[in-house]
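Below, each value reflects all heavy atoms present in this structure, side chains not excepted, and no hydrogens, waters or symmetry copies.
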Amino acid sequence: MRAAVVTFPGSNCDVDLAEAVAAAGGNAELVWHRNADLDGFDAVLLPGGFSYGDHLRPAAIARLSPVMRDVRSFAAGGGLVLGICNGFQLLCEAGLLPGALVVNTSLRFQSETVSVRVERTDTPFTKRLEPGAVLDMPIAHAEGRYYAEAATLERVTDEGLIAFRYVNRSGETHPSANPNGSAHSIAGLVNARGNVLGMMPHPERAVDILMGSTDGLGIFESLTASAAVGAAS
């Protein structure tokens with residue numbers, strides 16, 4: 001797999017993301033957002049960080065970058081797009097995923113390890129994961145609370161777009177296990193076609209035992225395996 005990791009001013013997880021792809025057997029290239037040419041790539045990855053310093057609101061300026069026009073075209077053609085943390089915020093700002101990521105209910109920046117439950121294993125990003133598996137991954141954000149209007153939340157639920165939910169170690173959703181107050185404990189979301197995934201936890205920070213967890217590796221192994229067969233499902 002050849003993946004493009006798009007770097008914006010303020011991105012700070014781009015190198016970690018490229019190394020996570022390599023750990024799963026793929027190849028990743030860092031591409032500057034102004035010079036990005038996505039032709040020939042099998043996947044596009046939008047990293048965490050603070051694009052444009054989170055001015056106005058997270059990813060509100062990055063969504064206007066010329067590369068996002070190409071990312072939209074790439075996704076419309078069935079290309080695999082993964083956005084993590086600021087990348088998830090960007091996918092929502094760009095209209096590639098429904099809803100928005102707003103300020104945590106704690107009103108604080110939160111950096112901690114959380115548990116998420118795998119809700120979907122039929123996507124290109126989760127096919128190597130076990131249904132219902134509980135994964136430990138770090139979060140690091142101040143605006144990670146998933147929000148959408150009631151009609152959108154109903155559609156997201158009815159269409160099965162929720163890929164990951166925040167849970168406790170027993171795998172159960174509970175307010176105490178929902179670190180940011182996300183609606184329906186949503187930690188990750190896919191689009192209806194299944195080729196775009198956004199998630200607030202950082203799987204790229206959980207791919208080596210030295211990091212404390214390898215639970216994120218399965219996402220990159222799924223992505224690499226899917227790209228190898230050109231599958232968007």
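- For the pair L101 and G144, the tightest heavy-atom approach, listed with the atom from each and the gap, is CD1-O, 3.5 Å.
- No donor-acceptor pair closer than 3.5 Å links the side chain of T126 to the backbone N or O of L129.
- Distance CD1/I139 to CD1/I84: 14.0 Å, rounded to 0.5 Å.
- L161 and V167 are assigned to two separate hydrophobic clusters, defined by single-linkage of ILVMFWY side chains at heavy-atom distances under 4.5 Å.
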Side chain to side chain contact (heavy atoms under 4.5 Å, CB included), that's the test. Do L223 and L197 meet it? Break it down for me. CA-CA 11 Å; L223 179 61; L197 169 67; over 6 Å; no
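- Between the side chain of S65 and the backbone N or O of I61 there is no donor-acceptor pair closer than 3.5 Å.
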For E130 and T121, what are the C-alpha separation, side-chain angles and deciding distance, and is it a side chain to side chain contact (heavy atoms under 4.5 Å, CB included)? CA-CA 7 Å; E130 293 294 326; T121 57; over 6 Å; no
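- Other residues, nucleotides and ligands place more than 12 heavy atoms under 6.0 Å from the CD atom of E29.
- Hydrophobic clustering (side-chain heavy atoms under 4.5 Å, transitive across Ile, Leu, Val, Met, Phe, Trp, Tyr) keeps V134 apart from Y166.
- Side-chain atoms of R120 come within 3.5 Å of backbone N or O of G160 as a donor-acceptor pair.
- Residues P203 and I219 approach most closely at CB-CD1, 3.8 Å, considering heavy atoms.
- The structure places CD of E149 at 11.5 Å from CZ of R155, a figure rounded to the nearest 0.5 Å.
- Distance alone, capped at 3.5 Å, is enough to place a donor-acceptor pair between the R193 side chain and the A76 backbone.
- For the side chain to side chain donor-acceptor pair (under 3.5 Å) with N180, the qualifying choice from Q110, R145, H141 is H141, the only one to do so.
- L46 and F50 are not part of a single hydrophobic cluster, where members link through side-chain heavy atoms under 4.5 Å apart.
- Using a 4.5 Å heavy-atom threshold, the side chains of W32 and P9 count as touching.
- The shortest side-chain heavy-atom distance between M68 and E93 does not fall under the 4.5 Å cut-off.
- Checked by atom type and distance alone, the side chain of S222 pairs as donor or acceptor with a backbone atom of R128 at under 3.5 Å.
- Counting all heavy atoms, side chain and backbone alike, Y146 lies closest to L189 at OH-CD2, 3.4 Å.
- More than 12 heavy atoms of other residues, nucleotides or ligands sit less than 6.0 Å from atom CD of E159.
- In this structure, the side chain of S170 does not engage the main chain of E172 through any donor-acceptor pair within 3.5 Å.
- With hydrogens and angles disregarded, a donor-acceptor distance shorter than 3.5 Å links the side chain of N168 to the backbone of G171.
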Let me see the working for F220 and M1 under side chain to side chain contact (heavy atoms under 4.5 Å, CB included), right down to the final yes or no. CA-CA 10 Å; F220 298 102; M1 177 185 71; over 6 Å; no
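- One finds the SG atom of C13 at 5.0 Å from the CD atom of E204 (value rounded to the nearest 0.5 Å).
- For the residue pair L96 and V196, the shortest heavy atom distance occurs at O-CG1, 4.4 Å.
- N104 contributes no side-chain N or O that, together with a main-chain N or O of S106, makes up a donor-acceptor pair within less than 3.5 Å.
- At a threshold of 4.5 Å between non-hydrogen side-chain atoms, the residues D54 and E143 count as touching.
- Looking at heavy atoms from C-beta onward, Q89 lies out of side-chain contact with R57 at the 4.5 angstrom threshold.
- With hydrogens and angles ignored, the 3.5 Å screen pairs a side-chain donor or acceptor of H174 with a backbone N or O of S176.
- Between Y52 and H33, the ring planes are perpendicular. Angles over 60° get that label, and only those under 30° would be called parallel.
- Note that CZ of F74 and CG of D42 are 7.0 Å apart. Values are rounded to the nearest 0.5 Å.
- Residue R165 holds its CZ atom at 10.5 Å from CG of N178, rounded to the nearest 0.5 Å.
- Pairs engaging residues 7-22 under the side chain to side chain donor-acceptor pair (under 3.5 Å) rule: T7-D14 [sequence neighbours left out].
- Contact between A4 and V31 at its shortest, heavy atoms only, is CB-CG2, 4.1 Å.
- One distance of note links CZ of F164 with CD1 of I186; it measures 13.0 Å at 0.5 Å rounding.
- A donor-acceptor pair shorter than 3.5 Å cannot be found between the side chains of T113 and D136.
- R2 CZ: more than 12 foreign heavy atoms inside a 6.0 Å radius.
- V103 is not connected to Y147 by any chain of hydrophobic side-chain contacts under 4.5 Å among Ile, Leu, Val, Met, Phe, Trp and Tyr, and they are in different clusters.
- I162 and V102 sit in two unconnected hydrophobic clusters of ILVMFWY residues. Membership requires side-chain heavy atoms under 4.5 Å apart, directly or through other members.
- Between the side chain of N86 and the backbone N or O of P58, no donor-acceptor pair lies under 3.5 Å.
- Summarising the geometry of G48 relative to H202, their closest heavy-atom pair is CA-CE1, 4.3 Å, with the distance given to 0.1 Å.
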